[in-house]
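Here is how names work: the chains are called A, B, and so on, in the same order as the sequence lines, proteins then strands, and each is numbered from 1.
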Number of protein chains: 2
Amino acid sequence: MTASINDVAQAVGVSASTVSRALRGRPGVSDEVRDRIAAVAAQLGYTASRSASSLASGRTYTIGVLVPYVGRWFFGTVLDAAEKVFSTAGYDVLLYNLGSPETRKRFFTKLPVRKRVDAVLSLLIPDDDESAALRSLGVPLATTVGGTRPGFTVVGIDDRAGTESAVRHLVNLGHRRIGMISGASGPLHWTTPIERRNAYLDVLAEAGIEHDAALEADGDYTVEGGERAMTELLAASRPPTAVFAQSDEMAMGALRALRRHRLKAPDDVSVVGFDDHELADVVGLTTVAQPVAEQGAEAARLLLRQLDEPGAEPPRHVQMPIRLVLRETTAPPRPRGPQ
Amino acid sequence: MTASINDVAQAVGVSASTVSRALRGRPGVSDEVRDRIAAVAAQLGYTASRSASSLASGRTYTIGVLVPYVGRWFFGTVLDAAEKVFSTAGYDVLLYNLGSPETRKRFFTKLPVRKRVDAVLSLLIPDDDESAALRSLGVPLATTVGGTRPGFTVVGIDDRAGTESAVRHLVNLGHRRIGMISGASGPLHWTTPIERRNAYLDVLAEAGIEHDAALEADGDYTVEGGERAMTELLAASRPPTAVFAQSDEMAMGALRALRRHRLKAPDDVSVVGFDDHELADVVGLTTVAQPVAEQGAEAARLLLRQLDEPGAEPPRHVQMPIRLVLRETTAPPRPRGPQ
DNA sequence: CTGTTAGCGCCTTCAA
DNA sequence: TTGAAGGCGCTAACAG
């Protein structure tokens with residue numbers, strides 16, 4: 001059907017090897033022949049079959065990217081940036097959307113990327129078995145989430161510092177009843193919610209504020225979950241005057257819940273998010289900003305470097321800067337408290 | 001390094017052909033042998049090399065998905081849904097993020113998907129040359145954007161009807177100065193902005209409202225662009241009392257601009273969006289809802305069907321339902337008009 | 001600088 | 001029901 005390397009070779013009157021060398025820019029081909037080959041290849045619309053060349057060379061020029069939810073802003077943004085780095089370097093991206101436990105399980109048992117990719121970027125946090133499965137691929141591994149783990153290059157942020165800056169901000173404003181909307185750690189083996197929770201507890205403790213379990217609710221890292229969680233918190237006998245949400249999407253859900261209850265941020269309740277979602281500014285959300293796209297790009301670059309220099313010891317952990325962005329959803333508590 | 005089909009064959013004491021047949025569930029293998037092969041394969045962690053099998057069979061079990069901006073909510077959501085359909089059916093997804101003209105050009109000249117995919121789902125609208133390039137791949141083609149085009153199955157919405165419902169809603173509320181924030185059609189060869197504009201002009205005409213060019217501004221389909229566009233409109237000698245934005249992201253930018261000008265929707269200006277973005281509800285945005293994920297899923301399904309039934313004539317155009325969702329950013333104009 | 005010779009790992013006839 | 005042989009299209013030695 002489509003032209004093969006032999007068609008080109010025949011048309012030019014050289015051997016297939018020469019065509020192969022010429023088209024891949026390898027040395028050992030006269031300029032004259034190289035030009036003729038390029039011309040004929042273009043005219044025939046020849047593109048080397050990736051299957052055949054990777055079978056022969058062992059290189060796939062493909063990167064596997066594992067994502068929990070492509071549609072979620074954070075992951076979409078990381079993926080976008082990473083893909084650009086990969087494609088610029090001549091690599092294709094094989095995308096695996098592993099949101100549900102079933103797809104995830106199927107992926108890790110069948111491991112369809114085996115012999116198919118030169119490296120893997122995981123935007124989800126593999127548990128120990130999954131990590132081992134990925135390591136068994138024998139290719140460079142990186143992730144933008146979770147803590148350090150053997151065999152992986154991790155590009156991330158200081159979750160503790162980020163959380164501390166958010167909660168301290170609320171404390172400094174004078175809040176004493178500070179709630180938290182966290183994300184389920186559930187099947188994701190995600191340490192982020194836990195680390196952020198610990199930091200939250202520590203800041204409360206250092207401020208001499210007693211922790212109240214009724215001030216914590218799970219928001220599942222979604223807008224809807226955030227709304228539910230805020231609704232829960234508002235139903236407490238003594239609701240919080242401020243809330244730290246572990247993600248902007250949950251914070252936005254919280255804002256929606258407030259609106260539904262005819263309450264306002266920051267007048268009735270202050271709200272801080274985490275991420276600096278592209279729409280955080282639209283709703284005026286105070287939040288902890290992290291460089292999302294940059295994390296994806298950096299992880300991609302580190303992976304490519306490992307591919308280029310197979311010998312070198314890759315960096316284990318790269319920390320990106322975070323900063324608190326003050327907007328309009330936080331203020332001192334009302335003199336008399338809500339209501 | 002990793003186990004090959006021969007390793008499995010040897011370990012079981014059968015030939016490679018039998019292993020191949022057994023593992024792919026083809027007939028002609030006794031149950032007893034099949035079970036033994038399955039066991040050994042699992043134990044050895046054997047996965048067939050995709051490169052080798054597609055080289056031999058001609059099937060890649062891979063779908064190419066072309067996306068202009070993975071990080072944009074609309075595309076991320078479509079991709080998410082499509083990927084789920086593909087992976088459930090046993091296909092992998094090769095992702096191409098073709099936002100910039102350069103990446104796009106490189107993609108269409110080199111066409112790296114040649115011989116690499118069984119089908120292509122394009123979330124961007126190819127121009128005529130690009131369409132021809134894709135057709136030259138000789139695989140089923142689908143898209144979720146733009147109008148009907150030869151060789152493609154199109155899953156979309158009725159842009160005209162959607163726009164009409166939005167603009168008529170504003171007219172019915174009593175607005176006469178109705179602005180529009182549109183998206184650049186620029187290098188994307190996107191007919192959507194044009195169709196929506198035509199529908200907008202038609203509704204104005206049918207309502208006997210004279211069109212005022214100063215009431216149109218370009219928002220580039222981004223939040224920032226929407227903000228700029230709204231700012232522009234507000235600077236007009238007679239600013240609009242209502243604005244139709246061609247996407248929710250631009251509408252949200254418009255809301256931000258209003259806030260910056262200490263104006264409110266709908267008190268000072270009514271705003272309608274298009275898409276029903278997941279956060280539209282958070283900001284109370286009235287909008288034209290379209291089934292975004294469903295479009296991706298449906299397009300994916302239609303592509304798979306073409307792969308299953310190579311003979312059948314694929315549907316050319318599938319229309320998905322839209323509906324106007326009334327929220328809190330639209331209301332009748334103020335008795336005296338703004339200011 | 002160029003051609004020849006072997007595979008890469010699997011699937012698909014065709015025989016048995 | 002199974003095995004043997006050949007080839008998918010390309011790349012990597014090795015010659016020349």
Side-chain angles (χ1 to χ4, degrees), chain A residues 1-38 40-41 44-62 90 111-118 137-138, chain B residues 1-38 40-41 44-62 90 111-118 137-138:
Chain A
M1 34 180 281
T2 49
S4 83
I5 197 170
N6 286 309
D7 298 332
V8 179
Q10 222 172 323
V12 180
V14 296
S15 76
S17 336
T18 302
V19 174
S20 172
R21 280 190 283 256
L23 260 22
R24 284 179 305 139
R26 323 238 48 173
V29 183
S30 69
D31 288 351
E32 189 254 347
V33 172
R34 195 184 292 274
D35 289 349
R36 260 170 46 219
I37 290 174
V40 172
L44 260 47
Y46 170 73
T47 309
S49 153
R50 266 302 193 13
S51 308
S53 69
S54 47
L55 182 57
S57 70
R59 293 282 310 244
T60 65
Y61 285 99
T62 302
L111 225 46
V113 287
R114 171 156 289 164
K115 304 172 192 167
R116 266 209 102 174
V117 298
D118 291 342
L137 294 172
Chain B
M1 37 179 281
T2 50
S4 83
I5 197 169
N6 286 309
D7 298 332
V8 179
Q10 221 172 325
V12 180
V14 296
S15 74
S17 339
T18 303
V19 174
S20 172
R21 281 190 282 255
L23 260 21
R24 285 178 305 137
R26 324 239 45 175
V29 183
S30 71
D31 288 351
E32 189 254 346
V33 172
R34 194 183 291 274
D35 290 348
R36 261 172 41 219
I37 290 175
V40 172
L44 261 47
Y46 169 73
T47 311
S49 153
R50 266 299 191 20
S51 308
S53 66
S54 47
L55 182 56
S57 69
R59 292 284 310 244
T60 65
Y61 286 99
T62 302
L111 226 46
V113 288
R114 172 156 288 163
K115 304 173 192 167
R116 268 208 102 176
V117 299
D118 291 343
L137 294 172

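Judged by distance alone, the side chain of A:Arg34 and the main-chain N or O of A:Ala22 form a donor-acceptor pair under 3.5 Å. Checked by atom type and distance alone, the side chain of A:Asp7 pairs as donor or acceptor with a backbone atom of A:Ser4 at under 3.5 Å. For A:Lys115 (side chain) and B:Ser51 (main-chain N/O), no donor-acceptor pair under 3.5 Å exists by modelled atom type.
Residue B:Ile5 contributes atom CD1, which lies 15 Å from atom C1' of D:dG7 at whole-angstrom precision. For A:Gln10 and C:dT4, the CD to P distance is 13 Å, given to the nearest whole Å. Counting to the nearest Å, the C1' atom of C:dC10 and the CG atom of B:Leu23 are 12 Å from each other. Rounded to whole Å, atom C1' of C:dC11 lies 14 Å from atom CZ of B:Arg50. If you take CZ of A:Arg116 and P of C:dC8, they are 21 Å apart, rounded to a whole angstrom.
Toward the 5' end of DNA chain D, the nearer of the two residues B:Val14 and A:Ser4, judged by each one's closest nucleotide, is B:Val14.
For DNA chain C, the neighbouring residues in residues 27-36 of chain A, judged by any heavy atom under 4.0 Å, are A:Gly28, A:Val29, A:Ser30, A:Val33. Residues from residues 51-61 of chain A that place a heavy atom under 4.0 Å from any atom of DNA chain C, listed by number: A:Leu55, A:Ala56.
Side-chain nitrogen and oxygen atoms of B:Ser15 include at least one within less than 4.0 Å of the OP1 or OP2 phosphate oxygen of D:dG3. OP1 or OP2 of C:dC10 sits under 4.0 Å from a side-chain N or O of A:Lys115. For D:dT11, one of the phosphate oxygens OP1 or OP2 lies less than 4.0 angstrom from a side-chain nitrogen or oxygen of A:Ser20.
For B:Arg24, the CZ atom is densely surrounded, since the number of other residues' heavy atoms within 6.0 Å is greater than 12.
The side chain of A:Arg26 lies closest to D:dA12 when the candidates are C:dC11, D:dG3, D:dA12. Which of D:dG3, D:dC10, D:dC14 sits closest to the side chain of A:Arg21 comes down to D:dC14.
Contact annotation for A:Arg24: backbone-only contact, meaning every heavy-atom pair under 4.0 Å involves sugar-phosphate atoms and none involves a base. Nucleic acid contact for B:Ser17: base, since at least one base atom lies under 4.0 Å from a heavy atom of the residue.
A distance of 4.5 Å separates CD1 in A:Ile5 from OG in A:Ser20, rounded to the nearest 0.5 Å.
Within the 4.5 Å cutoff, the side chain of B:Val12 has no heavy atoms near those of the B:Val19 side chain.
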I would like to know whether B:Arg116 and A:Thr62 meet side-chain contact (heavy atoms from CB on, under 4.5 Å); could you show each step before the answer? CA-CA 11 Å; B:Arg116 268 208 102 176; A:Thr62 302; 2.9 Å; yes

I would like to know whether A:Arg50 and A:Thr60 meet side-chain contact (heavy atoms from CB on, under 4.5 Å); could you show each step before the answer? CA-CA 7 Å; A:Arg50 266 302 193 13; A:Thr60 65; over 6 Å; no

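Under the 3.5 Å distance criterion, with hydrogens and angles disregarded, a donor-acceptor pair is assigned to the side chains of B:Ser15 and B:Thr18.
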